[in-house]
2 protein chains.
Amino acid sequence: MKGRDDDRVFAALADPSRRLLLDRLFAENGLTLGNLCERMKMSRQAVSKHLAILERARLVTTHWRGREKLHYLNPVPIHQVQARWIAKFETDRLDLLSDLKTRLERKS
Amino acid sequence: MKGRDDDRVFAALADPSRRLLLDRLFAENGLTLGNLCERMKMSRQAVSKHLAILERARLVTTHWRGREKLHYLNPVPIHQVQARWIAKFETDRLDLLSDLKTRLERKS
DNA sequence: TGATTATGCAACCATGAGGTTGCATGTCAA
DNA sequence: TTGACATGCAACCTCATGGTTGCATAATCA
């Protein structure tokens with residue numbers, strides 16, 4: 001079910017707080033929930049929910065160490081979305097721009 | 001305001017119907033609202049709302065021809081998101097994977 | 001053991017997103 | 001001019017989302 005997976009990834013990336021969490025993990029991998037909460041202006045439970053969504057989208061992997069939950073960034077889903085959806089718009093970017101330009105000129 | 005713009009793009013891409021609309025425009029640029037409605041399982045107004053969101057995110061450009069509204073794909077915002085957000089996760093993809101592996105091994 | 005710390009779980013609430021329907025407006029064609 | 005067609009605008013509904021609070025559980029430390 002590629003489509004479903006992509007849906008989860010796109011949906012997960014739609015929220016700025018979640019992108020911020022990914023940025024934090026990119027800067028420093030393996031942070032605990034407590035660590036990640038420090039710079040978030042919301043309750044621990046809210047952050048926990050965001051991380052759960054990132055986990056379901058497989059953007060974040062977790063690992064228990066005692067009572068601490070460590071969070072690791074997994075860039076693979078981002079890569080997949082890039083590869084099978086974004087890339088196609090990339091390759092034809094200039095073509096489409098020129099195409100748009102000529103079409104607009106033709107109409108006016 | 002780069003952040004706001006990116007928010008709009010990410011939010012716009014989060015909905016499967018809107019990604020489908022972009023796919024349709026990628027396959028055939030310059031379609032009217034009516035054209036785009038044909039293969040969508042929702043009312044014309046719903047499609048119109050989706051297109052408005054894509055327009056606000058600058059993913060779609062429009063042009064009036066008489067009573068018809070033509071829709072053109074603009075891949076630039078996708079490229080920008082790719083360049084200033086996705087790319088950084090791409091470049092360090094393998095590094096992070098190996099990093100995760102070593103960290104997990106270290107703990108167990 | 002007992003207190004503290006890190007996290008999970010569940011109920012709840014407000015808001016916004018996605019959808020609908022009904023009507024208004026402007027353009028084309030007979 | 002008149003009717004049909006393409007679209008916009010606005011009100012409304014439902015439900016998912018993002019947030020909260022309160023309590024439960026498990027691990028650590030004195």
Side-chain angles (χ1 to χ4, degrees), chain A residues 3-25 28-57 59-72 103 107-108, chain B residues 3-25 28-57 59-72 103 107-108:
Chain A
R4 290 262 168 102
D5 287 355
D6 283 358
D7 272 9
R8 291 217 180 109
V9 175
F10 274 114
L13 294 180
D15 188 277
S17 304
R18 288 194 286 268
R19 292 201 301 277
L20 214 162
L21 287 170
L22 292 179
D23 282 334
R24 289 270 290 126
L25 287 178
E28 191 178 358
N29 215 358
L31 294 173
T32 68
L33 171 60
N35 296 148
L36 290 165
C37 283
E38 283 165 16
R39 302 189 194 172
M40 294 284 151
K41 291 172 181 174
M42 64 185 74
S43 70
R44 174 179 57 84
Q45 285 81 353
V47 176
S48 182
K49 278 192 185 179
H50 282 304
L51 288 169
I53 290 170
L54 291 171
E55 245 186 285
R56 286 208 75 192
L59 286 161
V60 161
T61 300
T62 60
H63 180 244
W64 282 92
R65 183 179 59 193
R67 63 184 169 182
E68 290 179 318
K69 191 178 192 180
L70 306 180
H71 297 77
Y72 298 93
R103 276 169 184 266
K107 305 302 173 188
S108 61
Chain B
R4 291 263 167 98
D5 286 357
D6 282 359
D7 272 8
R8 290 217 180 109
V9 176
F10 274 114
L13 295 181
D15 188 277
S17 304
R18 288 194 287 269
R19 292 200 302 277
L20 214 163
L21 286 170
L22 291 179
D23 281 334
R24 290 269 291 123
L25 288 177
E28 191 178 358
N29 214 0
L31 294 174
T32 68
L33 171 60
N35 295 149
L36 290 166
C37 283
E38 284 165 16
R39 302 188 194 174
M40 292 285 150
K41 292 172 181 173
M42 63 185 75
S43 71
R44 174 178 57 81
Q45 285 80 353
V47 176
S48 182
K49 279 191 184 181
H50 281 305
L51 288 169
I53 290 170
L54 292 171
E55 246 185 285
R56 286 208 74 195
L59 286 160
V60 161
T61 300
T62 61
H63 181 243
W64 283 92
R65 183 178 58 191
R67 61 184 169 181
E68 290 178 318
K69 191 178 191 179
L70 307 180
H71 297 78
Y72 299 94
R103 276 169 185 266
K107 306 302 174 190
S108 60

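Chain A is the first sequence line, chain B the second, and so forth, proteins listed ahead of strands; every chain is numbered from 1. For the numbers below, each heavy atom of this structure counts, side chains included, while hydrogens, waters and symmetry mates do not.
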Nearest whole angstrom, please: distance from the P of D/dT28 to the CZ of A/Arg65. 10 Å
Pull out every residue in residues 36-48 of chain A that has a heavy atom closer than 4.0 Å to any atom of DNA chain C, ordered by number, or say none. A/Arg44, A/Gln45, A/Ser48
Against the side chain of A/Glu68, the closest entry in D/dG19, C/dG18, C/dA6 is C/dA6
From A/Asn35 CG over to A/Lys69 NZ, what is the distance, rounded to the nearest 0.5 angstrom? 14.0 Å
Whole angstrom value for the distance that separates P of D/dG8 from CZ of B/Arg56: 16 Å
Could you check how far NZ of B/Lys49 sits from P of C/dT21, rounded to whole Å? 12 Å
Tell me: CG of A/Leu70 to P of C/dG8, nearest whole Å? 11 Å
A/Ile53 CD1 to D/dA16 P: how many Å, rounded? 14 Å
Of all the nucleotides listed (C/dG8, D/dG8, C/dG18), which has the minimum atom distance to the side chain of B/Trp64? D/dG8
Just to be sure I understand the rule, does B/Leu51 reach a base, reach only the sugar-phosphate, or reach nothing, if contact means heavy atoms closer than 4.0 Å? nothing
Rounding to an integer number of Å, can you tell me how far A/Leu33 CG sits from C/dC9 P? 12 Å
Distance in angstrom units between B/Leu31 CG and D/dT7 P, rounded: 11 Å
Out of the candidates B/Thr62, B/Leu31, B/Asn29, only one should pair with B/His71 under the side-chain contact (heavy atoms from CB on, under 4.5 Å) rule; please name it. B/Thr62
Testing C/dG18, D/dG8, C/dT4 for proximity to the side chain of A/Arg67, the answer is C/dT4
Provide, to the nearest angstrom, the distance between the CG atom belonging to B/Leu54 and the P atom belonging to C/dG18. 10 Å
Quick check for you: to the nearest 0.5 Å, what is the distance between B/Leu51 atom CG and B/Leu21 atom CG? 5.0 Å
Between NZ of B/Lys49 and CG of B/Asp15, what distance do you get to the nearest 0.5 Å? 12.5 Å
Answer yes when B/Glu38 and B/Arg24 have at least one side-chain N-carboxylate O distance shorter than 4.0 Å, and no when they do not. no
From the candidates D/dT7, C/dG8, C/dG18, the one with an atom nearest any side-chain atom of A/Lys69 is C/dG8
Taking for A/Gly66 and for A/His50 the nucleotide of DNA chain D with the nearest heavy atom, the one nearer the 5' end belongs to A/His50
Distance from A/Glu28 atom CD to A/Leu36 atom CG, nearest 0.5 Å? 9.0 Å
Donor-acceptor pair, distance only, cut-off 3.5 Å: does the side chain of A/Arg18 make one with the backbone of A/Ala11? yes
